[in-house]
Amino acid sequence: MNTVTRYAVALPGIPGGHAAPRTVIVHRTDRLGPASEPVYEDATGRFRFQIGGTVAEVLELPSEYGPTHPCLEAVPMP
């Protein structure tokens with residue numbers, strides 16, 4: 001079972017914005033995602049992921065991100 005409580009998730013820049021990638025720190029919630037993996041979200045609740053291993057599956061992103069790759073890299077944090 002996944003016992004990591006925080007991850008850093010690398011997000012691509014906003015499409016068409018030519019911005020640098022962004023890193024979001026997310027923490028574990030008490031919810032489970034569609035694949036019964038833990039759900040992680042940032043402090044604002046705007047970024048939400050289901051994380052299994054080192055793969056973050058997008059559940060919710062702010063609307064300005066538009067469509068993005070559904071699987072992103074997640075790095076465990078201390």
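Taking each heavy atom of E37 and I51 in turn, the nearest pair found is OE1-O, 3.6 Å. Smallest separation of non-hydrogen atoms from E57 and C71: CG-SG, 4.1 Å.
From F47, atom CZ reaches atom CD of E60 across 10.0 Å, with rounding to the nearest 0.5 Å. Rounded to the nearest 0.5 angstrom, E73 CD and T54 OG1 are separated by 6.5 Å.
The side-chain hydrogen bond (donor to acceptor under 3.5 Å, both in side chains) test with E41 is passed by exactly one of R28, R31, R46: R31.
Remark: side-chain polar atoms of T29 are paired, donor with acceptor, to backbone N or O of V39 under 3.5 angstrom.
Hydrophobic clustering (ILVMFWY, side-chain heavy atoms < 4.5 Å, transitive): V55 and V26 are in distinct clusters.
Between L59 and P34, the closest side-chain pair of non-hydrogen atoms falls below 4.5 Å. Under the 4.5 Å side-chain criterion, counting only non-hydrogen atoms from C-beta, V75 is not in contact with Y7. Residues L61 and L11 are in side-chain contact: their nearest non-hydrogen atoms beyond the backbone lie under 4.5 Å apart.
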